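What you are looking at is a predicted structure, and each value in this text was computed from that prediction instead of being measured.
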Amino acid sequence: MTTAAATFEIQMTPAETELDGVGRFDLSKQWQGDLSGNSSGIMLSAGDPQAGAAGYVAIEVFVGVLNGREGSFALQQFGTMLGGQQGITYEVLPGSGTGALVGLTGTVRLTVDDTHHVELDYDLPAT
């Protein structure tokens, strides 16, 4: 298992949804660090975040370089909020790697202060 550290800046844009009570956002990120590149994706959310009870799912595709290896892969997020407590599952989607990132698997730890900090624990077959 290898760990990559990075930060990203995110831009979220509200978008149309066909589902009552569900918000949709298009997202784009610029990554710096051991993960260097861009990603774009879609997030769906529901609930009442102002009351501390909500959830979201998101899928994004990263295109760039991971510790010197170029390619792309998809990330999936599943987040919940209840009673002010937040939980998140954030992982590489198996089978989504391309280029030098074919076979990538891993999980992401995310912390947010003024910046979004990521630690990706991953396995990648040798080239």
For Tyr122 and Asn67: C-alpha separation, side-chain torsions, deciding distance, then whether side-chain contact (heavy atoms from CB on, under 4.5 Å) applies. CA-CA 11 Å; Tyr122 69 94; Asn67 281 333; 2.8 Å; yes
Distance-only donor-acceptor hits, side chain of residues 3-17, under 3.5 Å, sequence neighbours excluded:
{"residue": "Thr3", "atom": "OG1", "partner": "Asp121", "partner atom": "OD1", "Å": "2.6"}
{"residue": "Thr7", "atom": "OG1", "partner": "Gln32", "partner atom": "OE1", "Å": "3.3"}
{"residue": "Thr17", "atom": "OG1", "partner": "Leu19", "partner atom": "N", "Å": "3.4"}

Just how far is it from atom [atom1] of [X] to atom [atom2] of [Y], taken to the nearest 0.5 Å?
| X | Y | atom1 | atom2 | answer |
| --- | --- | --- | --- | --- |
| Met81 | Ile88 | CE | CD1 | 11.0 Å |
| Leu124 | Leu104 | CG | CG | 5.5 Å |
| Leu120 | Thr107 | CG | OG1 | 7.0 Å |

What's the shortest heavy-atom distance between [X] and [Y], and which atoms?
| X | Y | result |
| --- | --- | --- |
| His117 | Thr115 | CD2-O, 3.3 Å |
| Pro49 | Gly47 | CD-O, 3.5 Å |
| Gly21 | Ala46 | O-CB, 3.6 Å |
| Val102 | Gly97 | CG2-O, 3.6 Å |
| Leu101 | Ser72 | CD1-N, 3.9 Å |
| Ala54 | Asp48 | CB-N, 3.9 Å |

Side-chain donor-acceptor pairs of residues 23-31 under 3.5 Å, sequence neighbours excluded:
{"residue": "Arg24", "atom": "NE", "partner": "Asp26", "partner atom": "OD1", "Å": "3.3"}
{"residue": "Arg24", "atom": "NH2", "partner": "Asp26", "partner atom": "OD1", "Å": "3.0"}
{"residue": "Lys29", "atom": "NZ", "partner": "Glu60", "partner atom": "OE1", "Å": "3.4"}
{"residue": "Lys29", "atom": "NZ", "partner": "Glu60", "partner atom": "OE2", "Å": "2.8"}
{"residue": "Lys29", "atom": "NZ", "partner": "Tyr90", "partner atom": "OH", "Å": "2.9"}
{"residue": "Trp31", "atom": "NE1", "partner": "Ser39", "partner atom": "OG", "Å": "2.9"}

Thr105 and Val92: CA distance, side-chain angles, deciding distance, side-chain contact (heavy atoms from CB on, under 4.5 Å) verdict: CA-CA 6 Å; Thr105 59; Val92 174; 5.6 Å; no
Are the side chains of Val57 and Gln77 in contact, using a 4.5 Å heavy-atom criterion? no
Leu110 and Ile59: same hydrophobic cluster, using ILVMFWY side-chain contacts below 4.5 Å?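 In one cluster with Leu110: Ile59, no.
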Do the side chains of Leu75 and Val65 join up, straight or via other hydrophobic residues, at under 4.5 Å, putting them in one cluster?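 Leu75 and Val65: separate clusters.
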Report the C-alpha separation of Val108 and Glu119 in whole Å, then their side-chain angles, then the decisive distance to 0.1 Å, and conclude whether the side-chain contact (heavy atoms from CB on, under 4.5 Å) test is met. CA-CA 6 Å; Val108 176; Glu119 288 185 331; over 6 Å; no
More than 12 heavy atoms of other groups within 6.0 Å of Asp113 CG: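 Yes.
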Has Ser96 got a side-chain atom pairing as donor or acceptor with Leu93's backbone, closer than 3.5 angstrom? yes
